[in-house]
Structures are given as structure tokens and as C-alpha cells.
Amino acid sequence: MKVRAKLCGLTTPDDIDAAAAAGAAYIGLVFFEKSPRNVAIETARSLAIHAPAGLAKVALVVNADDAALDRVTDRVPLDMLQLHGSESPQRVAAVKARYGLPVMKALGIASRADVARAQLYSGVADQLLLDAKPPEGEALPGGNGLSFDWRLLEGESWSVPWMLAGGLTPDNVAEAVRRSAARQVDVSSGIETAPGQKSAELMAKFVSEANR
């Protein structure tokens with residue numbers, strides 16, 4: 001079975017083209033002002049319209065209230081919302097009900113207790129994204145280039161599709177897939193030459209290595 005890759009934090013039409021050419025299944029558009037990958041709503045709209053059919057468009061938000069989500073969903077054609085903050089299961093359910101879009105909940109993993117907590121969301125989220133837990137005081141909830149111990153996922157089963165994230169690069173994604181049995185992977189900083197600057201070559205290599 002092919003491993004589906006999500007290339008996150010894209011900011012230009014060239015990024016979109018490169019992701020499509022690489023064979024990505026998803027692209028991520030970041031709506032978080034502290035991120036070097038943040039895009040304005042009208043920019044995101046142009047990028048989403050530019051994306052070819054079949055490339056799922058995911059909006060990454062962090063603890064966004066309804067007003068913020070209204071602004072994004074009113075203007076940007078999307079296929080999924082990614083909640084990357086401290087949203088509760090109740091908030092995930094409320095977002096799903098309000099917007100009628102599939103919701104992916106991102107969860108930081110550093111221990112078995114974090115894995116157990118992630119399971120609490122499997123009844124409400126359509127997908128889970130298992131990411132490295134950011135260091136204490138870190139401004140960004142993801143995209144920090146950090147990985148977690150993939151062995152924490154050994155023997156774990158999930159009732160919804162899940163995606164592995166956190167510190168993945170073209171050099172380690174094949175090993176990550178082997179150790180975690182992930183069928184979906186997410187990358188942002190691992191395909192960049194500088195924060196927010198994506199590389200078409202690294203995108204292509206990442207997707208290829210994920211399926212090696």
C-alpha cells in the first residue's frame with residue numbers, strides 16, 4: 001500500500017506544483033501568525049484554487065475560534081481542517097458540526113500517556129496527526145524539526161486513519177515508516193532549505209523515500 005504524504009507549510013504556486021509533481025496526497029496551508037509558513041487568507045485562496053484536483057487542501061489552525069475559522073472557510077476552498085492547538089475532544093466535535101469538513105487533530109507525543117490521550121480523540125476526529133511534543137515554552141506547536149520515539153506506537157491500533165509527523169526528512173522517513181507502520185506521513189521543515197523556503201527536490205525525495 002502506498003504511503004500518503006502531506007507536505008505542509010506551502011506558501012507559493014511553485015510549492016503547490018512541486019508537491020503535486022512529487023505525488024503528495026495532501027498539502028497544508030498554515031494560518032498561524034507566529035509561523036514562518038503563515039499565509040494570508042487571500043494568498044491561501046489563490047494557492048488552493050491553483051492546486052490540481054485530487055490534491056487534498058488542509059488548513060492548519062492553532063486554537064482558532066469560530067470567527068477565525070469563519071474567515072478561512074468562507075474564502076478558501078478546503079478539504080480538511082487540522083486543529084494543531086490544545087483543542088479538546090468537545091471542540092473537535094463542535095468544529096466538525098459547524099463546518100461540515102473532515103477534521104484532523106494534531107497531538108504531541110513524548111510518552112505512553114500522550115499516546116493514550118491521543119486515543120481519546122479517535123472517537124471525534126476523522127484523522128489524527130501524531131507529532132513530537134514541542135519543548136516547554138516553544139512558540140510553534142509543530143514544524144520544529146523534532147521527532148519522538150516511534151517505538152511508543154508499537155502495538156497500538158487506531159479506529160481512524162492517522163499520520164506520523166515530527167522531525168521527518170527524506171533521510172529518515174523510510175525508517176520512520178518501518179518502525180511505526182505509518183501509512184501516512186507529514187513533513188514541513190524537513191523539506192526546506194530555510195524556514196518557510198520549500199525545496200522541490202526535497203519534496204520529491206521525501207515522497208519517494210516514504211515509499212521505498
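For the numbers below, each heavy atom of this structure counts, side chains included, while hydrogens, waters and symmetry mates do not. Everything numeric in this text was worked out from a predicted model, so none of it was measured.
- Residues Leu7 and Val58 do not share a hydrophobic cluster, clusters being chains of Ile/Leu/Val/Met/Phe/Trp/Tyr side chains in contact below 4.5 Å.
- Within the 4.5 Å cutoff, the side chain of Leu83 has heavy atoms near those of the Val61 side chain.
- Going from atom NZ of Lys105 over to atom CG of Leu130 covers 10.5 Å, rounded to the nearest 0.5 Å.
- How far CG of Asp15 is from CD of Gln197: 8.0 Å, rounded to the nearest 0.5 Å.
- Put simply, the side chain of Val72 does not reach to within 4.5 Å of the side chain of Tyr99, judged on heavy atoms.
- Contact annotation: the side chain of Leu168 never approaches that of Asp186 to less than 4.5 Å [non-hydrogen atoms, C-beta and beyond].
- Dense packing is recorded around CD of Gln119, with more than 12 heavy atoms of other residues, nucleotides or ligands lying under 6.0 Å away.
- Between Leu129 and Ala165, the shortest heavy-atom distance links the atoms CD2-CB, 3.5 Å.
- Side-chain contact between Asp70 and Arg98: present, with at least one pair of heavy atoms (C-beta onward) separated by less than 4.5 Å.
- Under the 3.5 Å distance criterion, with hydrogens and angles disregarded, no donor-acceptor pair is assigned to the side chains of Tyr26 and Gln82.
- Neither Leu78 nor Met80 shares a network with the other; the hydrophobic side chains, linked directly or stepwise wherever heavy atoms of I, L, V, M, F, W or Y lie under 4.5 Å apart, form separate groups for each.
- Between the side chain of Asn38 and the backbone N or O of Ser35, no donor-acceptor pair lies under 3.5 Å.
- The structure places CD of Gln184 at 6.5 Å from CE of Met104, a figure rounded to the nearest 0.5 Å.
- Contact check for Asp79 versus Lys57: side-chain heavy atoms found under the 4.5 Å cut-off.
- The number of heavy atoms from other shown groups lying within 6.0 Å of CZ (Arg117) does not exceed 12.
- Contact detail for Pro77 and Ile49: the closest heavy-atom pair is CG-CG1, 4.1 Å.
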Stepwise, does the side-chain contact (heavy atoms from CB on, under 4.5 Å) test hold for Leu152 with Arg112?
-> CA-CA 6 Å; Leu152 291 170; Arg112 290 284 184 188; 4.0 Å; yes
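- By the 4.5 Å heavy-atom criterion applied to side chains, Leu107 and Trp162 are not counted as neighbours.
- The CZ atom of Arg4 sits 11.0 Å away from atom CG of Asn211, with the distance rounded to the nearest 0.5 Å.
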Are Val115 and Phe148 close enough, and set up right, to give a side-chain contact (heavy atoms from CB on, under 4.5 Å), and what steps lead you there?
-> CA-CA 11 Å; Val115 176; Phe148 66 92; over 6 Å; no
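- In this structure, Lys198 contributes its side chain and Met203 its backbone to no donor-acceptor pair below 3.5 Å.
- Annotation: Glu33, atom CD; neighbour count of heavy atoms from other residues, nucleotides and ligands within 6.0 Å does not exceed 12.
- Contact record, Leu164 with Ala176: CD2-CB, 3.8 Å, taken as the closest heavy-atom pair.
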For Asp65 and Arg91, run salt bridge (Lys or Arg N to Asp or Glu O under 4.0 Å): C-alpha distance rounded to whole Å, both residues' side-chain angles, the deciding distance at 0.1 Å, then the answer.
-> CA-CA 10 Å; Asp65 60 16; Arg91 176 59 178 159; over 6 Å; no
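- To the nearest 0.5 Å, the span separating NZ on Lys6 from OG on Ser188 amounts to 8.0 Å.
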Phe31 and Leu69: CA distance, side-chain angles, deciding distance, side-chain contact (heavy atoms from CB on, under 4.5 Å) verdict = CA-CA 10 Å; Phe31 299 90; Leu69 287 172; over 6 Å; no
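- A salt bridge links Glu175 with Arg179: at least one charged nitrogen is closer than 4.0 Å to a carboxylate oxygen.
- With Asn63 contributing its side chain and Ser86 its backbone, the two residues share a donor-acceptor pair below 3.5 Å.
- In this structure, the side chains of Val187 and Cys8 stay at 4.5 Å or more apart for every pair of heavy atoms.
- The two atoms that bring Ala182 and Val3 nearest to each other are O-CG2, 4.2 Å, heavy atoms only.
- Hydrophobic cluster membership is shared by Val185 and Trp158, with clusters built from Ile, Leu, Val, Met, Phe, Trp and Tyr side chains linked at under 4.5 angstrom.
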Show the numbers, then the answer: is there a side-chain contact (heavy atoms from CB on, under 4.5 Å) between Thr43 and Thr11?
-> CA-CA 8 Å; Thr43 300; Thr11 59; over 6 Å; no
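- At a threshold of 4.5 Å between non-hydrogen side-chain atoms, the residues Leu10 and Leu47 do not count as touching.
- Considering every non-hydrogen atom in both Arg183 and Val177, the closest pair reads NH1-CG1, 4.5 Å.
- Of all the heavy atoms in Ala5 and Val207, the pair that sits closest is CB-CG2, 4.0 Å.
- His84 NE2 to Asp131 CG: the interatomic distance, rounded to the nearest 0.5 Å, is 4.5 Å.
- Put simply, the side chain of Ser122 never gets that close to the backbone of Ala118: no donor and acceptor are under 3.5 Å apart.
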